[in-house]
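Below is one structure; the comments refer to it alone.
Below, all heavy atoms of this structure are taken into account, side chains as well, without hydrogens, waters or symmetry copies. Please read these numbers as outputs of a predicted model, since none were measured by experiment. Within every chain, numbering begins at 1; the chains are lettered A, B, ... in the order of the sequence lines, protein sequences first and strands thereafter.
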Amino acid sequence: MAVSDPVRVRIAPSPTGFAHLGTASTALYNVLFARQRGGTFTLRIDDTDMERNRPEYEQLIYESLRWLGLDWDEGPDKGGPYEPYRQSERLDTYREEAARLIKDGRAYRCYCTTEELEAERKQAQLEKRAYKYSRRCLNNPPEGRTVFAVRFKVPGGDIKFRDMVRGEMHFDGDLIGDFIIIKSDTYPTYQFASPVDDALMKMTHVIRGEEHLSNTPYQLMLIDALGYERPEAYAHMPLILAQDGSKLSKRKHPESNLALFREQGYMPEALINYLALLGWNPGTEQEIFTIEQLVGAFTFERVQHAGARFDWEKLNWINGEYIRALSDEELARRIKPFVPQVDESTLQRAVPALKTRLHKLAQAVDYLDYLWTDPHPPAIDGEVAPRVGMAIEAVQHVEWEPEPIEAALEKAVAESGVGKGKFYNPLRDILTGKRVSLPIHFTIALLPKDVALFRLQRAINARD
RNA sequence: GGCCCCGUCGUCUAGUGGCCUAGGACGCAGCCCUCUCAAGGCUGAGAUCGCGGGUUCGAAUCCCGCCGGGGCUACCA
């Protein structure tokens, strides 16, 4: 294959639960590579796990990747020259290829039960030797059984391949036992379906998570046995680690659900930016990158070999940077879905004050919910009551916008003889029921005038 | 257990034998600004470069051993 031929890469997530952060990360690196080489990025659905697959999970994958802007060129939903792109629809292919291997004497039927296999494994452990399948069904198959799986007859030997991240890799094939390629439910295993599809779909490079590094020799032996062309190279990307240092998994780490990132108000561009920096670095001090800049700067030589812990604090910072970089109009547009109770113009007036205060869009709710929620009137003492009265007076004949309100309030503060803190904090409490809010003139101006004045007056009345 | 990958501030990282009294970012602390919270500005603390041996005039950088973490070792992917 000539170097100039366009690359073809893919991600192959399995629809067995929510869309996972790791899928986004792998997809990102695939997209970066495909775009910088003018190649094709394919989405293939790895749905060979009958037990756990659900069609709605597949939708979740589509939604999340689209949200992130990591769109694909070929996939189950948009077709392409190598259809179908769902493994459950390619069963005939795997069965034919497995039959071919059996016919060539490179695979065989295995009638062993899980209990028998378990016993073999236990025995090996007892004798403290590395477990490899005994090849009982190759040499001396049991009689009269009908349920079988298909095992690959591992040829062994040295297995070498090039990893774009780690360089030349070597594995000893003699250490690998015969493994299952077709399960007894007639579905292929990942180890089998993945290399078959990669070859048939003409993938030139395989970019995936590091958990697949040890799987590569299995797949390479299969590729050779099937007479396929090997991919030019692999790239095994560092794992995203949880706080405890283990691989982020669906079961143990529900926070790796991509839908949650959207719900909390992380911006897709910011998440992409953070993900790119997790495990890769540009070699410069630049931290903020557009996807286009990433396409230009990314190289496998600069990807990290060790797993990286996911750091929410840094993500929050990056997300805040993106929020602050938005125009007021754009920020209002993005916040809108999080605060459907707030009308358009009120939101627009709130945005300048919100902008520097948000790490996540959903935090707008904390600042604005007093607009649609009536706070419990706090008890005020005889000292602050007159100041609340002064505030009402100062503000009630003024144009209902932050600036004039601020000016009026400043005057009242000066006349009150106390500091801004003493004057404003009780107002904030009365109006919002909270210790923290937007600057007081925004807090007041965003509320309808009658509502603001009502809440203030009510606090005074509560004393009488 | 076997095989593989990895090991620099709390975290993400720069670093490929002298430019390293180990740089940056997030976070953290203090100060400034300030009506709260942020944002912003300034300053600062924070890494005996996992440990022990070598090699070398000189090692975070090369070699060996050990320790530690992770991954794979499934009829999950």
Side-chain angles (χ1 to χ4, degrees), chain A residues 12-16 46-49 51-53 110 112-114 117-118 121 124-125 127-132 147-151 163 165-166 169-172 175-177 179-191 193-194 209-218 236 238-239 241 243 245-247 274 277-287 302 304-318 320 324 353-359 363 366-367 406 409-410 413 419-429 432 434-441 443:
Chain A
S14 56
T16 56
D46 232 338
D47 55 350
T48 57
D49 185 344
E51 311 268 293
R52 298 188 295 157
N53 291 325
C110 177
C112 292
T113 62
T114 28
L117 261 15
E118 192 49 46
R121 232 174 265 124
Q125 205 171 47
E127 294 169 26
K128 292 177 75 173
R129 35 165 250 269
Y131 174 69
K132 271 174 76 172
V147 177
F148 64 89
V150 178
R151 265 184 206 277
D163 190 287
V165 174
R166 291 154 218 274
M169 301 296 306
H170 301 260
F171 284 87
D172 182 357
L175 265 19
I176 297 174
F179 55 93
I180 306 277
I181 55 175
I182 302 282
K183 299 180 257 185
S184 54
D185 67 0
T186 74
Y187 274 65
T189 58
Y190 162 80
Q191 262 348 359
S194 183
E210 198 206 300
E211 72 261 39
H212 292 300
L213 189 53
S214 310
N215 289 329
T216 308
Y218 292 69
H236 289 95
L239 261 21
L241 272 22
Q243 234 6 269
S246 68
K247 178 176 89 159
Y274 177 67
L277 256 24
L278 240 203
W280 169 84
N281 79 81
T284 66
E285 284 175 5
Q286 185 175 354
E287 301 272 347
R302 295 201 69 90
Q304 213 61 30
H305 296 189
R309 241 168 269 242
F310 194 86
D311 181 3
W312 291 90
E313 294 295 342
K314 180 127 185 192
L315 204 218
N316 287 341
W317 173 74
I318 288 184
R324 291 187 288 278
L354 284 172
K355 197 180 244 178
T356 59
R357 275 163 252 263
L358 303 181
H359 292 100
Q363 288 176 314
D366 299 331
Y367 283 107
E406 182 180 25
L409 247 23
E410 301 261 320
V413 169
K420 281 184 178 178
K422 280 202 164 200
F423 197 94
Y424 291 159
N425 288 334
L427 300 182
R428 183 185 336 276
D429 192 13
T432 70
K434 297 182 185 192
R435 276 184 47 250
V436 174
S437 81
L438 297 180
I440 199 68
H441 49 296
T443 301

Are side-chain N/O atoms of A/Ser437 and A/Thr443 paired as donor and acceptor at under 3.5 Å? yes
Listing time: all N or O pairs from protein to nucleotides 8-14 of chain B that are below 3.5 Å?
unit_1	atom_1	unit_2	atom_2	d
B/C12	OP1	A/Arg309	N	3.1
B/C12	O2'	A/Leu277	O	3.4
B/U13	OP1	A/Gly279	N	3.2
B/U13	O3'	A/Asn281	ND2	2.9
B/U13	O3'	A/Gln304	OE1	3.4
B/A14	OP1	A/Asn281	ND2	2.3
B/A14	OP1	A/Gln304	OE1	3.4
B/A14	OP2	A/Gln304	NE2	3.2
B/A14	O3'	A/Arg302	NH2	3.4

Base of B/C4, side chain of A/Ser214 - is there a donor-acceptor contact under 3.5 Å? no
Heavy-atom count around A/Lys422 NZ within 6.0 Å, excluding the residue itself: above 12? no
Base-pairing assignment for B/G1 (Watson-Crick or G-U wobble, both under 3.5 Å): B/U73
Atom CD of residue position A/Glu118 - does it have more than 12 heavy atoms of other residues, nucleotides or ligands inside 6.0 Å? yes
Side chain of A/His441, base of B/C35: donor and acceptor closer than 3.5 Å? yes
May I ask you to test the A/Ser14-A/Asp49 pair for a side-chain heavy-atom distance under 4.5 Å? no
Can you check the A/Leu438 CG to B/A38 C1' distance for me, whole Å? 10 Å
Out of B/G23, B/C76, B/U36, minimum distance to the side chain of A/Glu285 belongs to B/G23
Is the CD atom of A/Glu127 crowded by more than 12 outside heavy atoms at less than 6.0 Å? yes
Side chain of A/His359, heavy atoms from C-beta onward: which of B/A77, B/A38, B/A25 has the nearest atom to it? B/A38
Check: A/Ser246 side chain, B/G70 base, donor-acceptor under 3.5 Å: no
Nearest-neighbour nucleotide for the A/Ser14 side chain, B/A77, B/C37, B/G27 considered: B/A77
Toward the 5' end of RNA chain B, which comes first, A/Phe171 or A/Ala149, by nearest nucleotide? A/Phe171
Out of B/A77, B/A38, B/C6, minimum distance to the side chain of A/Thr356 belongs to B/A38
A/Ile176 CD1 to B/A74 P, straight-line distance once rounded to whole Å: 11 Å
Which residues satisfy the ring-ring contact (aromatic ring centres under 6.0 Å, His included) test with A/Tyr190, sequence neighbours excluded? A/His212
From the options B/C4, B/C76, B/A77, select the nucleotide whose nearest atom is closest to the side chain of A/Met169. B/C4
Ignoring hydrogens and geometry beyond distance, is the side chain of A/Arg428 in donor-acceptor contact with the base of B/C35 at under 3.5 Å? yes
Residue A/Lys183, side-chain heavy atoms: nucleotide from B/U36, B/C76, B/C72 that is nearest: B/C76
Which nucleotide, B/A77, B/C75, B/A25, lies nearest any side-chain atom of A/Trp317? B/A25
